[in-house]
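Notes for the one structure printed next.
Positions are given from 1 along the sequence.
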Amino acid sequence: MPFEDPRCLMCRKCCIETEMILLPSDIERIKRFTELDIDRFAVFRDGFYRLRNVDGRCIFLDDNGCRIYPIKPIGCSIYPLIFDSIHGPVIDSLCPLAKEFIYRCRDIEEALNLLKDFLRELEDSYSYRVNWNTFYRESKRLIDMCNRR
Ligand code: SF4
Ligand code: SF4
């Protein structure tokens, strides 16, 4: 979501000390859009390429927001939905909009579909395995909870 969604408060919490994981498709889009080499915007840490931070802030964050928001990484697009390797998909309470987001069932469904694509590409491109039982169980729980509200 960050920034282009009118409901985003632009508090920038999701762009500070986050080091978002980058998929190969994210990296290619960013390279084309910015004409930067990968080493300028990414670091390889804990088994994944991630967005480089400078002084604790994403390298693409400036005073006006995200400099690459039209092509931002999938992980940034689906935020505040995040993936926890133990608990599966969860809505990050760090985002001030988290409490509102849990009522937006269509947004949650759309974000879960994007998250599924993200995780498939993550498995294809990194040595990471997803617990798909947890993913499907918790996805259903999030949608059911939303629909009951
Ligand atoms: S790419 Fe944009 S939305 Fe993603 S962390 Fe960086 S500044 Fe924030
Ligand atoms: S933490 Fe939430 S409200 Fe703040 S900038 Fe990110 S998406 Fe927007």
In the single-linkage hydrophobic clustering (I, L, V, M, F, W, Y; side-chain heavy atoms under 4.5 Å), do [X] and [Y] co-cluster?
| X | Y | answer |
| --- | --- | --- |
| V54 | L22 | yes |
| I143 | M145 | no |
| M20 | I27 | yes |

Are the charged groups of [X] and [Y] less than 4.0 angstrom apart, N to O?
| X | Y | result |
| --- | --- | --- |
| E35 | K31 | no |
| R40 | D37 | no |
| E109 | R106 | no |

Parallel, tilted or perpendicular for [X] and [Y], by the 30°/60° rule?
| X | Y | result |
| --- | --- | --- |
| F135 | F83 | tilted |
| Y49 | F44 | perpendicular |
| F48 | Y126 | perpendicular |

Could you check whether any side-chain N or O of [X] sits under 3.5 Å from a backbone N or O of [Y], counting only pairs where one atom can act as donor and the other as acceptor?
| X | Y | answer |
| --- | --- | --- |
| R29 | I71 | yes |
| E121 | L23 | no |
| E17 | R57 | no |
| R52 | C58 | no |

Is the shortest heavy-atom distance from the side chain of [X] to the side chain of [Y] under 4.5 Å?
| X | Y | value |
| --- | --- | --- |
| P89 | L142 | yes |
| V130 | F118 | no |
| R67 | L61 | no |
| T34 | I68 | yes |
| S139 | I108 | no |
| E28 | P24 | no |
| W132 | R120 | yes |

Give, for atom [atom1] of [X] and atom [atom2] of [Y], the distance between the pair rounded to the nearest 0.5 Å.
| X | Y | atom1 | atom2 | answer |
| --- | --- | --- | --- | --- |
| I82 | D84 | CD1 | CG | 6.5 Å |
| F60 | C15 | CZ | SG | 12.0 Å |
| L81 | C95 | CG | SG | 11.5 Å |
| H87 | R141 | NE2 | CZ | 9.5 Å |
| L122 | I74 | CG | CD1 | 12.0 Å |
| L112 | D117 | CG | CG | 11.0 Å |

Query raised in the report: In terms of SG positions, are C105 and C146 separated by less than 2.5 Å?
Result: yes

For [X] and [Y], work out which heavy atoms get closest and say how close.
| X | Y | result |
| --- | --- | --- |
| R129 | E123 | NH1-O, 3.1 Å |
| D46 | R50 | CB-NH2, 3.8 Å |
| S93 | A98 | CA-CB, 4.0 Å |
| D26 | I21 | OD2-O, 4.2 Å |
| R12 | D62 | NE-O, 3.8 Å |
| P73 | L51 | CG-CD1, 4.1 Å |

Requested in this report: Please check if atom CD in E100 has more than 12 non-hydrogen atoms from other residues, nucleotides or ligands closer than 6.0 Å.
Outcome: yes

Query raised in the report: Where do K72 and Y79 land on the side chain to side chain contact (heavy atoms under 4.5 Å, CB included) test, with the steps shown first?
Result: CA-CA 11 Å; K72 64 188 175 301; Y79 190 84; over 6 Å; no

Query raised in the report: When you look at Y128 and S85, which way does the side chain to side chain contact (heavy atoms under 4.5 Å, CB included) test go after all the steps?
Result: CA-CA 10 Å; Y128 181 82; S85 57; 3.4 Å; yes

